[in-house]
Participant: 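Input: one structure, supplied below.
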Protein chains: 2
Amino acid sequence: MRDHAQLWKVGELADTTGLTVRTLHYWGELGLVVPSSRTTSGHRLYGVADVERVYQVVALRELGLSLDAIGRVLDEGGPGLAGVLEAHVTQVRAQLDALRTLEATLSVLVTRVRRTGSPAPSDLLGLIDEVSKMNEKFNEYFTDEQLATLSRRREQLGEDRIAEAESEWPILIAKVQAEKDAGTDPGEPRVQALAARWMELLAEFDGGDPAIREANGRMLTENQSEVGGGSHIVELIDYINSSNQARQN
Amino acid sequence: MRDHAQLWKVGELADTTGLTVRTLHYWGELGLVVPSSRTTSGHRLYGVADVERVYQVVALRELGLSLDAIGRVLDEGGPGLAGVLEAHVTQVRAQLDALRTLEATLSVLVTRVRRTGSPAPSDLLGLIDEVSKMNEKFNEYFTDEQLATLSRRREQLGEDRIAEAESEWPILIAKVQAEKDAGTDPGEPRVQALAARWMELLAEFDGGDPAIREANGRMLTENQSEVGGGSHIVELIDYINSSNQARQN
DNA sequence: GCTAGGAACTCACGCCGCGTCAGGTTCAGG
DNA sequence: CCTGAACCTGACGCGGCGTGAGTTCCTAGC
């Protein structure tokens with residue numbers, strides 16, 4: 001009656017678990033899942049308990065734990081689990097933060113490279129530096145929540161629209177600069193049209209969120225040369241603002 | 001006049017760049033940054049162009065590119081850059097998605113393990129499966145944006161408060177179940193107090209967002225046994241709803 | 001009983017981006 | 001000239017296996 005316990009050979013176990021034979025061999029080498037018996041010729045035989053342990057390792061591995069950590073968790077039984085998981089989740093969160101800022105940097109870089117064409121390696125360096133520094137400023141002036149909102153807005157807009165907007169800004173700025181240099185009254189319809197377009201583009205960026213707009217304004221005024229692309233940008237903003245007020249009166 | 005070009009030895013370059021000597025050696029082996037000259041005795045001498053190239057590699061490495069990819073980008077000059085960056089950013093985004101769901105799973109697991117104590121390895125398997133499946137359901141029923149909102153709400157609440165809430169739910173459910181089993185009228189003040197608490201806990205989860213509450217309701221009704229922790233949960237919700245309506249009339 | 005071919009076995013190297021000895025040579029200051 | 005710091009090359013190690021290579025074992029058909 002006894003002894004009809006099920007036994008699997010490596011290949012069979014590999015097929016049913018979706019793992020490879022090599023993986024099971026390796027886990028055996030590490031002492032993570034050692035087949036509880038072997039044939040006289042040396043072929044591995046996995047029992048029910050072994051199979052269960054394999055599934056446990058699979059589950060923990062999917063959580064991103066190292067095989068080393070898995071071994072300790074499974075052998076110590078339980079007390080270590082809570083600590084291991086907590087340490088792991090903090091590390092995952094750190095990695096998430098890093099990846100998020102990396103993604104932000106890369107997104108900007110990709111659209112910028114696509115718009116202006118591939119830069120020469122020498123320009124590349126400056127470009128990356130510029131974008132990275134801009135991102136640092138963003139992290140400094142916006143809360144995590146606002147950054148998330150901005151990121152999702154960018155996704156919704158789509159890269160093409162962003163590229164368009166990014167290429168429209170300098171043109172618009174140049175036009176406004178020209179009017180201001182010419183001494184045109186901010187109340188002029190021509191200037192008001194420019195101001196309206198300015199606010200539209202701005203709204204496309206910040207979604208009309210006043211907190212984001214305010215943070216953006218602070219960032220610009222406090223870092224005119226690095227971020228705004230020129231120290232006169234603030235004066236242009238004043239000019240636009242007075243134009244807007246003229247329209248509303 | 002010529003020939004006063006600056007030259008650096010590895011140690012000096014390592015100091016100024018913050019890299020290690022070994023790293024510069026390695027980059028040389030790969031042909032990534034080969035010092036343009038050497039002393040007669042074989043000591044590496046890096047010229048200005050070499051140093052610039054080092055900084056380019058550093059910049060690209062910070063973007064997460066492999067040294068192999070960096071080499072191709074820098075040697076091909078430009079055309080590959082756009083493509084490489086695009087491919088890389090898509091891969092980063094995929095990794096981000098994976099990490100986000102992993103973080104969600106781990107968060108739930110950690111609070112649950114802390115609350116119930118470390119489970120035996122055999123229970124562990126079921127626990128992980130359960131949480132993973134719950135997370136899949138979440139991904140199925142909530143949009144990315146809603147998931148992000150939920151994640152940030154959890155962060156704001158703090159793990160302790162979540163643990164409290166998670167331990168309060170079963171108690172509350174049991175109480176409501178008892179009243180319902182006893183046939184208590186939903187309009188009774190006692191039941192209304194329970195219903196009020198129910199809505200409070202719910203609001204703590206969904207932040208009062210109606211779309212999230214609706215998605216949550218659908219998830220519960222459509223997956224009673226797997227997620228809700230019992231098939232009678234829907235009837236309890238009906239009971240709570242009628243109690244709420246009784247209060248508002 | 002014999003044979004074929006599939007499955008199992010045990011080394012052992014390769015990947016990526018270096019860290020880290022080990023053992024020998026060269027440089028720079030006193 | 002001597003000494004200690006800096007440099008050189010070569011080699012192994014990490015993690016989690018993939019991918020051979022060369023050998024032995026199991027099983028089914030004849």
Side-chain angles (χ1 to χ4, degrees), chain A residues 7-47 50 53-54 56-74 84 87-88 91-92 95 98 102, chain B residues 7-46 50 53-54 56-74 84 88 91-92 95 98 102:
Chain A
L7 291 177
W8 289 264
K9 303 171 69 173
V10 267
E12 297 166 1
L13 186 53
D15 284 349
T16 65
T17 57
L19 301 168
T20 69
V21 171
R22 173 66 179 129
T23 298
L24 290 169
H25 280 181
Y26 184 58
W27 290 2
E29 283 177 38
L30 296 185
L32 201 54
V33 182
V34 184
S36 50
S37 67
R38 293 209 179 203
T39 68
T40 49
S41 61
H43 287 196
R44 279 156 251 251
L45 292 176
Y46 292 86
D50 299 331
R53 181 146 171 134
V54 165
Q56 289 169 6
V57 174
V58 168
L60 289 171
R61 191 186 57 163
E62 275 168 11
L63 297 180
L65 292 180
S66 69
L67 296 186
D68 187 74
I70 293 176
R72 279 181 312 217
V73 166
L74 288 184
V84 169
H88 187 52
Q91 186 220 331
V92 166
Q95 210 182 333
L102 178 59
Chain B
L7 290 178
W8 289 264
K9 302 171 68 174
V10 267
E12 297 166 2
L13 185 53
D15 285 349
T16 65
T17 58
L19 301 168
T20 70
V21 171
R22 173 64 178 129
T23 297
L24 289 169
H25 280 182
Y26 183 57
W27 290 2
E29 284 177 38
L30 296 186
L32 201 55
V33 182
V34 184
S36 49
S37 66
R38 293 210 180 204
T39 68
T40 49
S41 60
H43 287 196
R44 277 159 252 252
L45 291 176
Y46 292 85
D50 298 332
R53 183 147 169 134
V54 165
Q56 287 168 7
V57 174
V58 168
L60 289 171
R61 191 186 59 164
E62 275 168 11
L63 298 180
L65 292 179
S66 69
L67 297 186
D68 188 74
I70 293 176
R72 278 181 312 216
V73 166
L74 289 184
V84 169
H88 186 52
Q91 186 220 331
V92 165
Q95 209 181 332
L102 178 59

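Chain identifiers are assigned alphabetically (A, B, ...) following the order of the sequence lines, protein sequences preceding nucleic acid strands; residue numbering begins at 1 within each chain.
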Participant: Which whole-number value in Å describes the distance from B/L19 CG to C/dG19 C1'?
Facilitator: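 Those two atoms, CG and C1', are 14 Å apart.
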
Participant: Is the side chain of B/H25 donor-acceptor paired with the backbone N or O of B/T20 at a distance under 3.5 Å, no angle test?
Facilitator: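 No, the answer is negative, given that no donor and acceptor are paired below the 3.5 Å cut-off.
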
Participant: Walk me through it: do B/V10 and B/L13 pass the test side chain to side chain contact (heavy atoms under 4.5 Å, CB included)?
Facilitator: CA-CA 5 Å; B/V10 267; B/L13 185 53; 5.7 Å; no

Participant: Under the rule for side chain to side chain donor-acceptor pair (under 3.5 Å), what residues qualify as partners of B/R53, not counting sequence neighbours?
Facilitator: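 Partners of B/R53 under the side chain to side chain donor-acceptor pair (under 3.5 Å) test: B/D75.
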
Participant: Please work out if A/V21 contacts a base, only the sugar-phosphate, or nothing of the nucleic acid, heavy-atom cut-off 4.0 Å.
Facilitator: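 Nothing, no nucleic acid heavy atom in range.
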
Participant: Between B/E29 and B/R22, does any NZ, NE, NH1 or NH2 come within less than 4.0 Å of an OD or OE carboxylate oxygen?
Facilitator: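 So B/R22 pairs with B/E29 through a salt bridge.
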
Participant: Please tabulate the protein-to-nucleotide N/O contacts below 3.5 Å involving nucleotides 10-14 of chain C, giving atom names and distances.
Facilitator:
| unit_1 | atom_1 | unit_2 | atom_2 | d |
| --- | --- | --- | --- | --- |
| C/dT10 | OP1 | A/R38 | NH1 | 3.1 |
| C/dT10 | OP2 | A/R44 | NH2 | 2.1 |

Participant: How many Å lie between OH on A/Y46 and P on C/dA8, as a whole number?
Facilitator: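 For the pair A/Y46 OH and C/dA8 P, the rounded distance is 10 Å.
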
Participant: Out of curiosity, B/R61 CZ to B/Q56 CD, how far, rounded to the nearest 0.5 Å?
Facilitator: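 Nearest 0.5 Å value for the CZ-CD distance: 14.0 Å.
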
Participant: So, the side chain of B/H88 versus the backbone of B/S66: is there a donor-acceptor pair under 3.5 Å, distance only?
Facilitator: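 Not confirmed, B/H88 side chain does not pair with B/S66 backbone.
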
Participant: Is a side-chain donor or acceptor of A/T23 paired with a backbone partner of A/L19 at a separation under 3.5 angstrom?
Facilitator: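 No.
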
Participant: Tell me which residues in residues 58-69 of chain A lie within less than 4.0 Å of DNA chain C, going by non-hydrogen atoms.
Facilitator: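 By residue number: none to list.
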
Participant: Using the heavy-atom set of chain B and a strict 4.0 Å cut-off, write down the first and last nucleotide of DNA chain D that makes it in, 5' to 3'.
Facilitator: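 So the contact region on DNA chain D extends D/dC7 to D/dA11.
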
Participant: Would you please name every residue forming a side chain to side chain donor-acceptor pair (under 3.5 Å) with A/D15, sequence neighbours left out?
Facilitator: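 Scan of A/D15 (side chain to side chain donor-acceptor pair (under 3.5 Å), adjacent residues dropped) gives none.
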
Participant: Show your reasoning for whether side chain to side chain contact (heavy atoms under 4.5 Å, CB included) applies to B/V57 and B/W27.
Facilitator: CA-CA 9 Å; B/V57 174; B/W27 290 2; 3.5 Å; yes

Participant: Can you tell me how far apart CZ (A/R72) and CG (A/L32) are? Round to the nearest 0.5 Å.
Facilitator: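 So the CZ of A/R72 and the CG of A/L32 are separated by 11.5 Å.
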
Participant: How far does NE2 of A/H43 sit from CZ of A/R38, to the nearest 0.5 angstrom?
Facilitator: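 A/H43 atom NE2 to A/R38 atom CZ measures 9.5 Å (nearest 0.5 Å).
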
Participant: Return yes if some donor-acceptor pair links the side-chain N/O of B/D50 with the main-chain N/O of B/S36 below 3.5 Å, else return no.
Facilitator: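 It does hold such a pair.
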
Participant: Each nucleotide N or O in nucleotides 26-29 of chain C that has a protein N or O under 3.5 Å away: list the pair and distance.
Facilitator:
| unit_1 | atom_1 | unit_2 | atom_2 | d |
| --- | --- | --- | --- | --- |
| C/dT26 | O3' | B/S41 | OG | 3.2 |
| C/dC27 | OP1 | B/S41 | OG | 2.9 |

Participant: Does the A/E62 side chain pair with the main chain of A/A59, one donor and one acceptor, at a distance under 3.5 Å?
Facilitator: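 No; judged by distance alone, with no hydrogens or angles, the pair does not exist.
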
